[in-house]
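Working notes, structure below.
Worth knowing before you read on, the calculation uses all heavy atoms, side chains too, and leaves out hydrogens, waters and symmetry mates. Throughout, a chain's letter reflects where its sequence line sits, starting with A, and its residues are numbered from 1.
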Amino acid sequence: MIIEWGWLTTHTDDLLALTLDHLATAVPAVLLGLLIALPLAVVAHRVRPLRGLLLGISNIMFTVPSLALFVLLLPITGLTRTTAIAGLTVYTLVVLLRNTVEGLDSVPAKVREASLAMGTGRLGTLLKVEFPLALPVIMAGVRVASVMTISLVSVASYIGYGGIGQLFTDGFQRSFPTPVLAGVVLTLLLALAADAVLVLVQWLCTPWMRKGARA
Amino acid sequence: MTDLFSQLAAWLTSAGQWAGPEGIAQRLLEHVEYSLLSTLVAALIALPIGLFIGHTGRGAFLAINLSGFGRALPTVGIVTLVFLVSGLSMTPVYISLVALAIPAIVTNTYAGMAAVEADAKDAARGMGMTGLQSLWRVEIPLAAPLIMTGVRLATVQVIATATIAAYVSFGGLGRYIFDGLAQRDLTQVLGGAVLVAALAVAVDLILAGIHRILFRHRLT
């Protein structure tokens with residue numbers, strides 16, 4: 001018998017607490033990633049020579065094993081949630097940066113020129129024309145980054161902020177598969193739920209994309 | 001900080017560190033072995049699935065959503081689970097690495113096949129090709145660049161994640177990260193991380209080079 005169902009019913013409170021703890025690490029990581037990626041993407045989009053450099057750096061950071069990255073941050077931020085969030089933020093950058101740049105690329109030059117010609121300033125054009133039009137591609141990136149981050153949080157259990165990932169360590173040390181399986185399923189469900197929420201957010205933010213809406 | 005970097009440089013360049021059964025060269029070889037074998041097995045499973053879905057158009061929903069599912073799968077959890085169920089062997093490591101690699105390959109193979117223009121397939125049929133002939137001689141060659149991108153993505157992901165072999169007491173470059181953690185030896189952890197990242201970047205560049213040579217006559 002691999003699963004002891006009794007364990008699940010007696011530990012629902014713990015599972016809920018771990019899930020909330022999981023979100024407390026994952027959500028700030030993605031938001032922080034977005035906060036960094038958006039301005040960087042504008043720079044990468046406007047200044048061609050910097051584009052390859054920025055995308056290249058984020059690609060290389062992505063290949064650093066996540067556990068090592070957390071350990072690397074330990075001397076700077078210590079055994080805190082900040083370490084977990086900062087490490088995860090680094091991994092979101094590769095997806096968020098690439099998608100935002102691609103999203104900005106997908107805005108037709110004519111639309112931008114029309115906006116500028118109508119007297120909307122450069123910043124106004126960026127905020128009111130380019131970002132909204134790039135939103136579908138940016139949101140696709142946010143969805144990928146969120147799902148990835150939710151799955152990666154478990155690695156941070158080595159520094160004590162793994163959320164649901166604590167169940168893996170716990171099961172491993174006690175040779176008890178039930179919490180491990182529960183953790184895997186819970187992570188998948190959480191990722192699925194986060195993805196659904198983001199689809200809804202995108203739907204609410206882009207009324208012009210809906211069927212039947214006038215372009 | 002500068003102190004750490006000079007220690008790291010010394011660690012990476014000392015000849016003693018590279019030689020022997022626990023040296024960097026041996027660990028590097030193990031890491032490459034785990035990664036290649038996992039990607040190969042994943043490709044053997046994922047390519048036929050992606051080609052089938054792309055050719056028949058059946059199960060497209062699965063192909064599109066599989067990548068999301070794969071990304072959400074926590075590798076540490078899978079390794080731990082398979083380890084607890086099947087016992088100490090390389091099986092947990094291979095299962096989780098293969099599971100990690102499959103979605104990227106299936107999704108990209110499907111995307112490549114879906115991007116083949118209907119006109120090209122119609123022309124193949126019009127020339128009297130059977131479905132299988134059209135698949136081999138028209139669709140796969142046209143989808144090849146995206147299929148290879150999928151394999152490349154999967155390979156890099158697998159290399160970065162193969163450190164988990166050390167988590168269940170096997171070798172590879174992850175050994176330095178886990179041993180360093182246990183011994184509170186930051187230089188060793190850092191050295192392992194740098195080596196894994198360097199290996200992933202190097203393999204990515206090699207595959208990108210092969211990609212460029214193979215498809216140099218393509219327009220896009």
Side-chain angles (χ1 to χ4, degrees), chain A residues 2 56 59-72 74-76 91 95 143-159 162-165 167-192 194-195, chain B residues 1 4 8 65 67-87 92 96 100 153 156-157 159-164 166-168 172-174 176-178 180-181 184-186 188-205 208:
Chain A
I2 297 171
N59 261 327
I60 291 176
M61 294 303 287
F62 193 66
T63 62
V64 176
S66 38
L67 179 59
L69 191 62
F70 290 132
V71 177
L72 215 84
L74 277 182
I76 307 165
Y91 291 106
V95 187
R143 285 171 62 191
V144 170
S146 303
V147 169
M148 208 174 65
T149 305
I150 286 174
S151 132
L152 265 180
V153 169
S154 57
V155 181
S157 51
Y158 291 95
I159 53 169
I164 298 168
L167 294 171
F168 304 151
T169 327
D170 183 43
F172 186 63
Q173 283 163 352
R174 293 194 291 149
S175 295
F176 182 33
T178 305
V180 183
L181 187 64
V184 171
V185 173
L186 214 52
T187 310
L188 288 177
L189 287 178
L190 197 59
L192 203 67
D195 199 50
Chain B
M1 210 64 190
L4 187 62
L8 176 66
N65 289 287
S67 67
F69 180 80
R71 238 178 256 119
L73 218 53
T75 314
V76 185
I78 303 297
V79 173
T80 313
L81 190 63
V82 181
F83 169 77
L84 290 178
V85 174
S86 75
S96 46
L100 179 77
L153 262 170
V156 172
Q157 264 182 312
I159 291 175
T161 316
T163 45
I164 48 154
Y167 180 61
V168 282
L173 293 169
Y176 297 117
I177 296 175
F178 284 95
L181 270 180
R184 308 210 167 272
D185 178 359
L186 195 58
Q188 201 180 335
V189 176
L190 207 59
V194 168
L195 288 170
V196 174
L199 181 64
V201 171
V203 170
D204 193 39
L205 287 178

In terms of heavy-atom proximity below 4.5 Å to chain A, should B:Phe69 be classed as side chain, backbone, both, or neither?
both
ring-ring contact (aromatic ring centres under 6.0 Å, His included) against A:Tyr158, all qualifying residues, sequence neighbours excluded
none
Supply the atom-to-atom distance B:Leu173 CG to B:Leu195 CG, rounded to the nearest 0.5 angstrom.
5.5 Å
How far does CZ of A:Phe176 sit from CG of B:Leu84, to the nearest 0.5 angstrom?
10.5 Å
To the closest 0.5 Å, what do you measure between CD (B:Gln188) and CZ (B:Phe178)?
12.5 Å
I'd like to check the side chain to side chain contact (heavy atoms under 4.5 Å, CB included) partners of B:Val194; sequence neighbours left out, ordered by chain and number.
B:Leu8, B:Leu12
Would you mind checking which part of B:Leu73 comes under 4.5 Å of any heavy atom in chain A, side chain (CB onward), backbone (N, CA, C, O), both or neither?
both
Interface moiety of B:Val156 toward chain A, non-hydrogen atoms closer than 4.5 Å:
side chain
What residues, two or more places apart in sequence or in another chain, satisfy salt bridge (charged side-chain N to carboxylate O under 4.0 Å, His left out) together with B:Arg71?
none
Measuring only between side-chain heavy atoms, which start at C-beta, is A:Ile164 closer than 4.5 Å to A:Val153?
no
Can you pull out the residues in residues 182-190 of chain A with any heavy atom less than 4.5 Å from chain B?
A:Val184, A:Thr187, A:Leu188
Heavy-atom contact with chain A under 4.5 Å, split by part of B:Thr80:
both
Options B:Pro74, B:Ala193, B:Ala200, ranked by heavy-atom pairs under 4.5 Å with chain A, top entry:
B:Pro74
CG-OG distance between A:Leu72 and A:Ser66, expressed to the nearest 0.5 angstrom:
12.5 Å
For B:Ile78, is it the side chain, the backbone, both, or neither that has a heavy atom closer than 4.5 Å to a heavy atom of chain A?
both
Per-residue contact mode, A:Val144 against chain B (heavy atom under 4.5 angstrom)
both
So which residue, A:Ser175, A:Ser154, A:Gly162, ends up with the most heavy-atom pairs under 4.5 Å with chain B?
A:Ser175
Roughly how far, to the nearest 0.5 Å, is the CZ atom of A:Phe172 from the OH atom of B:Tyr167?
4.5 Å
Under 4.5 Å to a heavy atom of chain B? For A:Pro179 that would be neither
Distance col, row A:Phe168:CZ vs A:Leu181:CG, nearest 0.5 angstrom, shows 9.5 Å
